[in-house]
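Right, one structure below, let's go through it.
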Protein chains: 2
Amino acid sequence: MSKCGTERKNIDMDSLHTRMRNGGMKVTQQRSQVLKILLAHPEPISADEIFKKFDSKSEGADLVTIYRILKKFEEVLLVTRQEFGDGVARFELALESGHHHHHVICRHCQRVEPLHICDLESHIKTVEGMGYKQVSHRLDFFGVCSRCQ
Amino acid sequence: MSKCGTERKNIDMDSLHTRMRNGGMKVTQQRSQVLKILLAHPEPISADEIFKKFDSKSEGADLVTIYRILKKFEEVLLVTRQEFGDGVARFELALESGHHHHHVICRHCQRVEPLHICDLESHIKTVEGMGYKQVSHRLDFFGVCSRCQ
DNA sequence: CTAAATGCAAATCTTTTGCACAACC
DNA sequence: GGTTGTGCAAAAGATTTGCATTTAG
C-alpha cells in the first residue's frame with residue numbers, strides 16, 4: 001500500500017456513511033458492505049463481482065440488492081458507473097466532487113489503471129458553445145499493457 | 001499516433017464492398033443492406049434499430065443475422081462499437097484508419113452529435129509512457145442539449 | 001461444389017420489477 | 001410504526017449459440 005499504482009482515496013467509511021445519510025439513504029449492513037468492497041477495490045468493479053465478494057464472507061446479499069444499492073449510490077453520486085465495451089457496467093467510488101479521473105484499459109487482460117490527468121477545458125467550452133448545459137465527459141484509453149505485450 | 005481527422009472521407013458502397021472482401025467476407029444481400037443503412041445514418045445506430053429499418057423495406061433480415069454481421073464488421077474494422085451507458089451497443093461506420101471523431105450525447109433525449117475535434121497527443125504520450133502499446137482512446141461528452149433545456 | 005452465411009428456436013447473460021417480509025430511524 | 005430496504009421469483013432486454021437450410025464465389 002505504499003508506492004504502487006493508485007494512491008488510496010482519503011475516503012473513510014464514516015464520511016461515506018455521512019454522504020449516504022445526506023442522500024436520504026438508510027445505512028444498512030448490505031450498503032456498508034458494498035461500500036467497504038468498493039473502498040478496498042482499486043479498479044471499477046461489477047455488480048456480480050461485488051456479489052461474489054459478499055459470498056466469500058459469512059453474510060451474503062442478493063445480487064438484486066446489489067444492483068439496487070449501486071443504482072441508489074449512483075443517484076447520490078457516491079459511485080460512478082463505467083462501461084468499457086464488454087456489456088458489463090462497473091462501478092467505482094466517486095472522488096470528491098469536481099475531481100475525477102480517467103482510465104487506461106488493457107485490451108488483452110482487461111486490467112484497468114486510473115489516469116489522473118485531464119485538461120479538456122477547451123473541448124468542454126466547445127461543447128457548451130454548441131448549446132449544451134451541464135456538460136460532463138468520459139475519456140478512456142485502450143492499449144496493450146507492458147505485461148501483455 | 002491516432003490523429004483525429006476533421007474531414008469526413010467519401011465512403012461509397014463500392015469501397016465498402018472492397019473492404020468487406022479484403023476482410024475475407026462474402027458480400028451478401030443482408031450485409032450490403034446493413035452497410036447502406038449505416039451509410040445513411042448520421043449517428044451510431046443499434047442492432048435493433050438496423051433490424052427495424054430492414055423491416056420497413058420488403059426484404060428483411062433476422063436480428064440474429066444483424067448481430068453477426070455487426071460483429072464481423074467490427075472485426076474487420078468496418079464499424080466501431082459505441083456504448084453510451086444505456087446498455088445498448090451502437091455502431092457507426094469506421095472512417096479511414098487513424099481518423100475518428102467523438103460524440104456529444106444529450107442526457108435527456110439521447111441524441112448523439114459528432115464532434116470533430118480532438119488533440120489528446122500529450123495524453124496519449126503519457127499513456128505510452130506508462131508502457132502501453134497500440135494506444136487508442138474514447139472521448140465522449142454528455143450534456144443537456146438546447147432543445148431539452 | 002463447398003465453405004460461409006442465414007433463419008429459427010432456444011439459451012445465456014445482465015439488469016429490472018413485483019410483492020411479501022424484515023430492518024432501520 | 002411507518003417508511004425504506006431486502007430477498008426471492010420471475011420478467012425483460014440485449015446478445016449469443018446450435019443446427020438445419022440456403023447462398024455466394
Side-chain angles (χ1 to χ4, degrees), chain A residues 13 16-37 44-55 57-76 78-91 110, chain B residues 13-14 16-35 37 44-55 57-76 78-91 110:
Chain A
M13 288 302 286
L16 290 173
H17 283 173
T18 302
R19 285 163 77 184
M20 239 201 281
R21 290 207 182 80
N22 289 346
M25 304 176 67
K26 288 182 182 176
V27 176
T28 66
Q29 279 289 323
Q30 293 88 334
R31 285 174 178 173
S32 289
Q33 192 66 17
V34 169
L35 279 184
K36 227 174 272 176
I37 292 169
I45 182 174
S46 72
D48 194 58
E49 287 168 329
I50 293 174
F51 174 64
K52 291 193 175 101
K53 285 192 184 293
F54 255 99
D55 254 4
K57 318 226 167 195
S58 45
E59 352 167 351
D62 197 288
L63 180 57
V64 175
T65 299
I66 294 174
Y67 274 107
R68 282 196 271 232
I69 288 175
L70 289 171
K71 177 173 281 184
K72 212 80 173 66
F73 280 0
E74 206 190 347
E75 285 170 27
V76 181
L78 262 172
V79 305
T80 53
R81 165 192 298 247
Q82 319 281 157
E83 288 185 29
F84 298 130
D86 60 355
V88 183
R90 291 184 178 76
F91 301 81
Q110 310 294 330
Chain B
M13 288 302 287
D14 282 348
L16 290 173
H17 282 173
T18 301
R19 287 164 75 184
M20 239 202 282
R21 290 206 183 79
N22 289 347
M25 305 175 66
K26 289 182 180 175
V27 176
T28 66
Q29 279 289 322
Q30 293 88 334
R31 285 174 177 173
S32 289
Q33 192 64 18
V34 168
L35 279 184
I37 291 169
I45 183 174
S46 71
D48 193 59
E49 288 168 329
I50 292 173
F51 174 65
K52 291 194 173 100
K53 286 193 183 294
F54 255 99
D55 254 2
K57 317 227 169 197
S58 46
E59 353 167 349
D62 196 287
L63 180 57
V64 175
T65 300
I66 294 174
Y67 273 107
R68 282 195 271 231
I69 288 174
L70 288 171
K71 177 174 280 183
K72 213 81 172 67
F73 280 1
E74 205 190 347
E75 284 170 28
V76 182
L78 260 173
V79 303
T80 53
R81 165 192 298 249
Q82 319 281 157
E83 288 185 30
F84 298 130
D86 62 354
V88 183
R90 292 184 177 77
F91 301 81
Q110 308 295 330

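The sequence lines fix the lettering, A, B, ..., with proteins before strands; numbering per chain opens at 1.
With sequence neighbours left out, the ring pair (Phe, Tyr, Trp, His ring centres under 6.0 Å) criterion links A:Y67 to no other residue. In this structure, the side chain to side chain contact (heavy atoms under 4.5 Å, CB included) partners of A:V76, at least two apart in sequence or on a different chain, are A:M25. A:R21 pairs by the side chain to side chain contact (heavy atoms under 4.5 Å, CB included) definition with A:H17, A:V27, not counting sequence neighbours. Partners of B:K71 according to the side chain to side chain contact (heavy atoms under 4.5 Å, CB included) rule, which considers only residues two or more places apart in sequence or in another chain, are B:E75.
Considering B:V79, B:T65, B:L70, B:T28 in turn, B:L70 is the only one that fulfils the side-chain contact (heavy atoms from CB on, under 4.5 Å) rule with B:V34.
Contact of the A:R19 side chain with the A:L16 side chain is registered, since non-hydrogen atoms from C-beta on lie closer than 4.5 Å. At a threshold of 4.5 Å between non-hydrogen side-chain atoms, the residues B:D48 and B:K52 count as touching.
Here C:dA4 presents its C1' atom at 14 Å from CE of B:M20, a figure rounded to the nearest Å. Atom CZ of B:F73 and atom P of C:dA5 are 11 Å apart (whole Å). Rounded to whole Å, atom P of C:dT15 lies 12 Å from atom CD1 of A:I66.
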> Which nucleotides of nucleotides 16-25 of chain C have their base under 4.0 Å from a protein heavy atom (B), which only their sugar-phosphate (S), and which neither (-), written as one string 5' to 3'?
Replying inline: BBB----BBS
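Chain B approaches DNA chain D over the interval D:dA14 to D:dG25, counting the first and last nucleotide 5' to 3' with an atom under 4.0 Å from its heavy atoms.
Smallest separation of non-hydrogen atoms from A:R31 and A:K26: NH1-O, 2.9 Å.
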